[in-house]
Each structure stands twice: as C-alpha cells, then as structure tokens.
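What follows is a set of notes on a single structure, which appears directly below.
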There are 2 protein chains.
Amino acid sequence: MVKIVIVGVEGSVNLGFILRLAMNFDVEDIVLVNPQQIDWDEVKRFSAKAHPLIERLSIKNSFNEAFSPDELKVCTSAIISEEDFLRQSITIDEYRRLLIEREGRVALVFGRESTGLTREELKQCDVVLTIPTSSKYPALNLSHAVAILLYETYVTLGKAYREPGRRPVLASSQDIQGIKDDISKLVSCIAMDENKRERLTRSIINIISRGNPRKAEARALSFVLKRILRRMNCN
Amino acid sequence: MVKIVIVGVEGSVNLGFILRLAMNFDVEDIVLVNPQQIDWDEVKRFSAKAHPLIERLSIKNSFNEAFSPDELKVCTSAIISEEDFLRQSITIDEYRRLLIEREGRVALVFGRESTGLTREELKQCDVVLTIPTSSKYPALNLSHAVAILLYETYVTLGKAYREPGRRPVLASSQDIQGIKDDISKLVSCIAMDENKRERLTRSIINIISRGNPRKAEARALSFVLKRILRRMNCN
C-alpha cells in the first residue's frame, strides 16, 4: 500500500484522525515533515484504536528526506489553476491509472492546513492532484482530504489486484530523472528567459509524468534527446 | 445532488465537519434525526465557512419523517456480515450504478457514532452500503465516512453528467497531430534506419498520448519542438 507524507501539520485533531484513517486503510508508512506544535495526548485521543501508530511515525526535517527514489510523488493541492503550470491537476481517472501501473508505489503528499504546499515543494512533485469539489467552497479539511484519497487508493488497488492481468515494465526513477535532466538542458539552449524556461520544462515534464513511460519507451526518448543535445551542441 | 440523513449524531465536532463537507460537495439537503446534546458553538467552529448551513438544517423526531417517497434510501453500516440479511452490503460499483440510474435521487443515511443504525432502521432502508476498509480496524469516524461517500457521489455524478467546469482544457486533436508530425520530422533527422525511426517515433508518441496533454502544455511542447527543428535545420 501507499505511503503518506504530511508536511507541516498544524492540528492535533487532524493528525489523530489521520492515524486512525491510516489504520482503516492499511497504510503503515507515515512520514511527518516538520510537524508544528503537536499536542500528542490529543493525537492519541483522536487516533482511537490506531494510537500504536504514533510510535511508528517517521519524522523528517526536510521535504526531500521523506521519499524513496522509486516512488511517484503525488502532491495534493486545494487550488486548481489553468494558468499556473505548477497546479495542473491530474484527473481522478488518471490517478487511478497511475496507481495501478505503479502497483501502489506512490507517496501521497498533503500540505499545511493553512497554506498547503509551497511552490518549492510542488516543484519537486511528479504530479499534482486536486480532489474535485464544489467551486462554492472547495477547501476540504486536511483529515477529510486524507480520508478521500486513502479510500480512493484502497478501492482502486483492491480492484486492480483482483484481476491479475499483465502489468507493463515501467521506466525506473533513474531513467526518468535522466530524461528530466536532458529536457531541462535542452530548454535552456532554446529559451532565454528564466520564467519561460521553467514553464516550458515543467509543461513537458507534466506530460511525460502522466504518460508513465515504459522502460523501452523511456530508452527511446532518452536516445532521441541525447542526439538532439549533441546535434545542437547543447550541454 | 443527494440528501444526507444523520441519525442520532452525538459529536459536535463531527456535525461541524459534516456541514463543511456538505458545502464542499454541493449538498444542501441535510436532515438530522434526533440529534443528541449538540454544542452548537462547536458545530459552528468546525463547519468553518459552511456555518450558514446550520440555519437550513432540517431536524426530525423520527426516522421515517426524514425521507421523501422518491428517494432510494442507502444506509451505511460499519459492519458487514454474510450471515445477517440486514447487513448485505452492495459493492461500490453497484452504488455507482444505482446513483446514475437514479439520477442522484438518493438519501445517504448515517447512524450514531457509538452504535450505528438500529435493526429497525436498517429494515427500512432500500440498500445497505459498507465502505471497504481494512479488517484490522474497519470502523471509520463518522465525518470521514461522510467525506468518502460524498466524494464518491460527487465524482460519480459529475462524470455521468459531464460537468464542464472542473475538467482540464485538453489539447485539440489538431494540436496533437502537429506535435506528432514534428516528432516524426525530428526523428527522421536523427535516425537512419526506417525501422528504428518508426520505433522511436512511436515510443515517444505513446508517452505523449497517455500523458493526455493540456492545451497550454501542448503549446509549450510544440514551441520547443519547432525551435529544435529550426536549430537543427531539419525539415
């Protein structure tokens, strides 16, 4: 099952509820990045029968330390924006597909109750996911957002594993990193303006991340990118 | 959208969260049957921006009064039992189908935090639904069960009715065709062998097709491709 990463959590009630939900949905890998002023007695109370999970929490000082190399980082954002290249949400169907193809090797990342994830944090995500809600009042409470995505994940993986069909061989995170680096180099050789470079790079990486490349496809793409870089004398 | 019916609610935090969730998912029809010792200030606090819904709650003294004749009564139960004829849960897929076929005319019924719905109440339901959870700790907190089913309902009905608002603006098939043509040109300038060209082109197009590019992303990718083609004198 997936990992959950909670960044800068501010509420003890929320944290307690999140532990309970983790046990409800068989999640054992819970990382807190810089939790704020937590009242652990309250956490214990609201976690109910899941309180033993408190002992098993992994607490980290920085965003990067929360992840293993092989996980798809799915970051949640309450705000969706067509103009903002960092907030291009995948759809729920895309999330379901990625989850199945990745066989559940996904880290679900949730931001602060007050301000969500920072732009620096969002930049380090593979994909961004906004839970569909009413435009009248889109902001979900943190623990309810966690409930919804753990449920979605549990049901989707549960279904997937009942049908043992064939699964594609995916590119490794190293393969993907190499591709990202090459794209970033390439865009640097083409665009002058820093903002524009970032927008172009991120747009292309968005498409590729959602495309969930297979090993052989990643190899082909990497081959083409390296040829282009060489032909353009771009390094 | 659906109605929610909360029977004998005991917790003010839960009730506040439920009102917030109702607004998050566009539910306006909320019925409380015999609420217990509610602290309305606490309800208001946890409902956040949804507090105006407090004024619009409908409060009833008996289970029967909560329903209109036209609604399918979907009652939730934390306990699933193969032997108990009152606790034969429908599956999530069955719920989705019923919801669509009923065009959302469904009342979602939630029982007490402590003891759920009574057997007398369950007997009056049309179907019983148990949210799939881990057998290690199946009991969801009330407001999280509400979150999950309102989300499930919202997404299922949203898909069925194809609300245009929350969908990403996708690239047109013309945009995509332009990108495919450019990739094919580019690969022709790089690889010699016909078979290899075809394999490379197809691999990259596969990734992009699965990536389901948004309009703005396709524009960025197209810009980069055209620049590369020009720099490589490739036509």
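Residue numbers start from 1 in every chain, and the chains themselves are labelled A, B, ... in the order their sequence lines are given, proteins ahead of strands. In this text, all values refer to a predicted model and were calculated from it rather than measured experimentally.
- For I228(A), the parts lying near chain B are the backbone and the side chain together; criterion is any non-hydrogen pair under 4.5 Å.
- Within the 4.5 angstrom heavy-atom criterion, only side-chain atoms of L21(B), from C-beta onward, approach chain A.
- From N212(B), atom CG reaches atom OG1 of T91(A) across 7.5 Å, with rounding to the nearest 0.5 Å.
- A145(B) does not touch chain A: none of its heavy atoms, backbone or side chain, sits under 4.5 Å away.
- Of the residues considered (E152(A), R202(A), R230(A), R199(A)), E152(A) shows the highest number of contacts with chain B, using heavy-atom pairs under 4.5 Å.
- Summarising the geometry of Y137(A) relative to A50(B), their closest heavy-atom pair is CE2-N, 3.7 Å, with the distance given to 0.1 Å.
- With a threshold of 4.5 angstrom between heavy atoms, R219(A) does not approach chain B through any atom at all.
- For chain A, no part of L150(B) is nearby; none of its heavy atoms comes within less than 4.5 Å.
- Here the CD atom belonging to E217(A) is positioned 10.5 Å from the CD1 atom belonging to I208(B), to the nearest 0.5 angstrom.
- I204(A) contributes atom CD1, which lies 7.0 Å from atom CG of L225(B) (distance to the nearest 0.5 angstrom).
- In Q174(A), the CD atom is not crowded: 12 or fewer heavy atoms of neighbouring residues, nucleotides or ligands sit closer than 6.0 Å.
- One finds the CD atom of Q88(A) at 13.5 Å from the NZ atom of K215(B) (value rounded to the nearest 0.5 Å).
- Of the residues considered (A147(B), A191(B), P138(B)), A147(B) shows the highest number of contacts with chain A, using heavy-atom pairs under 4.5 Å.
- Interface residue I131(B): only side-chain heavy atoms are found under 4.5 Å from chain A.
- Within 6.0 Å of the NZ atom in K44(B), the count of heavy atoms belonging to other residues, nucleotides or ligands does not exceed 12.
- Residue V187(A) touches chain B through its side chain alone, counting heavy-atom pairs closer than 4.5 Å.
- Nearest heavy-atom pair, D26(A) versus S134(B), reported as atom, atom and distance to 0.1 Å: OD1-OG, 2.9 Å.
- Residue S209(B) does not touch chain A at all, counting heavy-atom pairs closer than 4.5 Å.
- The contact between I190(B) and chain A is made by backbone and side chain atoms together, counting heavy-atom distances below 4.5 Å.
- Remark: K136(B) NZ to N24(A) CG distance equals 11.5 Å, nearest 0.5 Å.
- Between the side chain of R227(A) and the backbone N or O of C189(B) there is no donor-acceptor pair closer than 3.5 Å.
- Taking a 6.0 Å sphere around CD of E198(B), one finds it holds 12 or fewer heavy atoms contributed by other residues, nucleotides or ligands.
- When every heavy atom of V155(A) is checked against every heavy atom of P132(B), the shortest pair comes out as CG2-CG, 3.8 Å.
- F17(A) and F17(B) have perpendicular rings, their planes meeting at more than 60° on a 0 to 90° scale where under 30° would count as parallel.
- Taking CG of L140(A) as the reference point, atom OH of Y151(B) lies at 10.5 Å (rounded to 0.5 Å).
- The backbone N or O of N206(B) lies less than 3.5 Å from no partner atom in the side chain of R214(A), so there is not a single donor-acceptor pair.
- For the pair R20(B) (side chain) and A139(A) (backbone), a donor-acceptor distance under 3.5 Å is present.
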